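To start, the structure itself, in structure tokens.
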2 protein chains.
Amino acid sequence: MIACLPASGRRRAGILCAMTEDAPGPHRPGRPGLVEVAARAGVSIKTASRALNGEGYVAHETRQRVQQAADELGYRANGMARELRLGGNTSTLIGMLGGDLGNPFYSKLASGLEREVRFRGLQLVTVNTDEDTRSEQRLTDALLERRVRALVVASTLPSHEHLAAEHRHGIPFVFVDRPPVGLSADAVLLDNRGGAHQAAAHLLELGHTRIGIVGDLSRLSTNQERVTSFGATLRAAGIADWREHLIEDAHDVDTAQRAVLDLLRRDPAPTAIFTTNNRITTGALRVLHRLPAPPALIGFDELDMGDILGVTVVTHDPENMGRQTARLLLERLDGYAGTARWVILPTRLIPRASSRRPPGTG
Amino acid sequence: MIACLPASGRRRAGILCAMTEDAPGPHRPGRPGLVEVAARAGVSIKTASRALNGEGYVAHETRQRVQQAADELGYRANGMARELRLGGNTSTLIGMLGGDLGNPFYSKLASGLEREVRFRGLQLVTVNTDEDTRSEQRLTDALLERRVRALVVASTLPSHEHLAAEHRHGIPFVFVDRPPVGLSADAVLLDNRGGAHQAAAHLLELGHTRIGIVGDLSRLSTNQERVTSFGATLRAAGIADWREHLIEDAHDVDTAQRAVLDLLRRDPAPTAIFTTNNRITTGALRVLHRLPAPPALIGFDELDMGDILGVTVVTHDPENMGRQTARLLLERLDGYAGTARWVILPTRLIPRASSRRPPGTG
DNA sequence: ATGAAAGCGCTAACAA
DNA sequence: TTGTTAGCGCTTTCAT
């Protein structure tokens with residue numbers, strides 16, 4: 001195909017190939033506008049506009065001339081200008097803030113959302129907040145300035161009162177995964193309490209009484225709900241000291257791995273472990289899969305290979321969350337101006353091999 | 001927290017909750033603009049602009065008045081208008097077209113890219129093409145009209161000549177995963193041939209001679225490279241009829257599953273299988289994991305749980321691909337106007353348990 | 001240190 | 001059927 005030489009000194013690239021022809025830089029030699037097209041077709045600017053937009057009341061022959069001029073010039077309408085003129089104050093962009101779009105939870109959510117809004121001619125702008133509150137603030141501002149038509153946010157902030165003004169100005173917010181605080185806005189959430197309760201009940205039923213919990217950042221409402229509900233169920237079963245085996249703030253796979261190791265080194269060690277999200281479950285699996293007699297495991301969120309690995313999970317459907325989010329959002333865009341709605345999606349326990357491991361002789 | 005009632009008749013939602021306060025619809029009662037702010041602060045529109053942008057030459061006291069007026073009014077600069085005025089013809093948006101942003105390959109790529117461009121104040125607009133050529137065309141146009149500053153595209157099209165005009169107008173394209181055809185543009189690709197070769201060599205070394213191949217859409221260049229390179233290695237080892245065990249166009253997990261079953265039902269059945277991407281590997285695993293004596297397996301692309309499942313893979317780093325893409329793109333934006341560059345990233349074979357299964361008595 | 005006017009590329013309203 | 005004018009919200013001259 002092409003002659004390639006091994007890269008020399010380039011950071012991480014493997015091979016670097018130089019192609020033959022030239023490609024231009026960002027030097028912009030004035031794109032053709034409606035004026036140029038109109039001139040070339042020998043019509044007025046408005047006629048050109050009409051012709052290109054198929055507005056009717058344009059002579060067939062004229063329309064063709066204009067179209068041809070546009071093609072020859074490589075004309076492309078300027079969406080920004082159009083929108084500025086049209087409503088002035090809104091675009092066809094939907095903004096979405098998520099913790100980490102590399103995480104399947106967020107990316108499937110985003111993907112489901114995108115598929116729904118695409119048919120309305122809307123585009124999705126996604127940004128990673130890295131679950132960082134400052135990033136979230138800055139990026140929210142940036143999206144709002146870009147005049148996104150609506151904002152979908154998986155927020156890390158403890159309060160959303162600062163968004164009240166925007167909200168009143170008519171831009172729809174849909175909170176996903178985590179609810180709005182101090183602001184009455186639409187939301188699509190999971191039944192975290194129900195899911196965690198099922199998980200706990202399942203383990204109790206199997207005879208476990210010493211159960212470890214590895215949780216995400218403790219400031220996140222999702223995590224709080226999952227942990228407290230799980231704990232409440234244990235307590236109701238007479239396990240008062242459940243917090244003894246609780247480790248929180250395991251926000252990535254590595255720290256989750258360490259947390260699990262920590263739990264297992266205790267004496268007596270827990271006979272079962274509950275992990276509150278997909279990353280933590282992954283970390284736990286990395287540790288458990290090479291143990292001769294691992295403790296039982298239940299994770300929140302489905303895993304890509306959950307069925308094959310035989311991991312018991314509390315599952316739900318992120319793509320569906322995306323679709324529900326789209327629904328709420330589009331209804332707002334279509335004029336619904338009623339009270340804020342919270343859609344709470346169910347979770348489901350899928351018992352698999354990892355929880356069939358008995359409490360043993362602990 | 002809030003009173004919730006079970007949803008009645010709602011499509012898939014679980015529970016629907018009505019909040020108390022009101023939330024406005026899209027009725028836009030005129031957002032405040034610079035004019036309003038200026039008026040309220042008792043200064044000219046230009047002074048307001050200067051004050052808000054911290055341009056200097058504004059009396060301290062004036063600046064405060066303006067700032068306060070802006071805050072009270074909930075003023076937010078209009079990015080579209082600003083950009084229109086500024087260059088007229090470009091935004092701070094980067095467009096990215098991918099087959100399925102729900103697929104970890106694309107979402108990690110996108111995430112890596114987003115993390116790099118974010119620091120330059122650029123935002124990433126991602127769209128799913130569903131590997132459909134018509135969608136790709138339409139969405140490309142939409143992004144171009146929105147005047148994205150650059151376009152990242154994992155293309156499904158057989159040719160990209162239609163983009164030549166755009167390219168000459170100065171908008172940088174970076175092709176990812178699949179190279180541009182009929183257009184000289186930057187690209188970030190994988191060493192598909194090398195990876196497939198390694199996979200074949202590995203299986204040959206272990207004594208396999210009857211090897212099944214399950215491929216993706218046959219029109220995709222990535223798939224062609226992987227399949228033909230794999231086949232070439234087999235042929236070089238004296239296996240002339242390798243195409244007998246080739247099944248292509250298994251584009252999703254389900255069809256991949258069926259393809260694998262098909263291969264296994266043959267007599268004699270292959271003693272090993274090569275799957276050309278992550279989805280197909282997943283499908284294969286679903287079938288193989290419950291077989292008493294499954295054939296050996298090698299998959300292209302790493303899997304989330306590849307290490308735990310013990311799947312031998314030809315791996316690479318999608319997030320790094322995103323970073324490399326960002327690098328090329330930002331260099332263009334910074335004025336590099338030289339020849340198009342292709343960065344070809346290496347792949348690496350990770351031998352794990354799934355390929356240690358011997359050819360058996362086939 | 002502040003203001004007036006012009007215009008980015010487009011479309012709506014109103015002529016012609 | 002076509003053209004003229006104005007203006008979306010902002011920033012850039014060029015005054016003052």
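Here is how names work: the chains are called A, B, and so on, in the same order as the sequence lines, proteins then strands, and each is numbered from 1. Note that this is a predicted model, so its numbers are computed, not measured.
Taking atom CE of residue B/M80 and atom C1' of nucleotide D/dC10, one finds them 11 Å apart after rounding to whole Å. Atom CG in A/L86 sits roughly 14 Å away from atom C1' in D/dG9 (whole-Å rounding). Note: CZ (A/R65) to P (D/dT1) measures 15 Å, nearest angstrom.
Using five terminal pairs a side, the axes of the helix from C/dA1-D/dT16 to C/dA16-D/dT1 at its two ends make an angle of 40°, given in steps of 10 degrees.
A close approach under 4.0 Å does occur between a side-chain nitrogen or oxygen of A/S49 and OP1 or OP2 of C/dT11. Between A/N78 and the phosphate of C/dC8, there is no side-chain N or O to OP1/OP2 separation shorter than 4.0 Å. Within the 4.0 Å cut-off from OP1 or OP2 of D/dT2, at least one side-chain nitrogen or oxygen of A/T62 is found. Contact check, A/Y57 against D/dG3: no side-chain N or O comes under 4.0 Å of OP1 or OP2.
Residues B/V58 and A/E55 each lie close to DNA chain C; by heavy-atom proximity, the contact nearer the 5' end of the strand is made by B/V58. Residue order along DNA chain D, read from the 5' end via each residue's closest nucleotide, puts A/S44 first among B/G79 and A/S44.
Side chains of B/S107 and A/K108 form no contact here, defined as non-hydrogen atoms less than 4.5 Å apart. Side-chain contact between A/E116 and A/T325: absent, with no pair of heavy atoms (C-beta onward) separated by less than 4.5 Å.
When distances run from any side-chain atom of A/R82 to the nucleotides C/dC8, C/dC10, D/dG3, the shortest one goes to C/dC10. Closest contact between the side chain of A/L84 and the listed nucleotides D/dC8, D/dG3, D/dT11 involves D/dC8.
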Sort me out a list of protein N/O and nucleotides 13-16 of chain D N/O pairs below 3.5 Å, or just none if empty.
none

For this session: Start with the C-alpha distance between B/E55 and B/R63, add both sets of side-chain angles, then the distance that settles salt bridge (charged side-chain N to carboxylate O under 4.0 Å, His left out), and finish with yes or no.
Result: CA-CA 10 Å; B/E55 268 185 48; B/R63 166 161 301 163; over 6 Å; no

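A/R40 and A/E36 are not joined by a salt bridge, as no carboxylate oxygen comes within less than 4.0 angstrom of a charged side-chain nitrogen. A salt bridge is absent between B/R327 and B/D334: the closest approach of a Lys/Arg side-chain nitrogen to an acidic carboxylate oxygen does not fall below 4.0 angstrom.
Scanning for salt bridge (charged side-chain N to carboxylate O under 4.0 Å, His left out) contacts around B/E83 gives A/R146, with sequence neighbours left out.
A distance of 6.0 Å or more separates the ring centres of B/F173 and B/H160.
Counting any heavy atom pair closer than 4.0 Å across all strands shown, A/V35 reaches no nucleic acid atom.
Not a single donor-acceptor pair under 3.5 Å links the side chain of A/E166 to the backbone N or O of A/L144.
Side-chain contact of A/E114 with B/T126: a donor-acceptor pair under 3.5 Å is absent, judged by distance alone.
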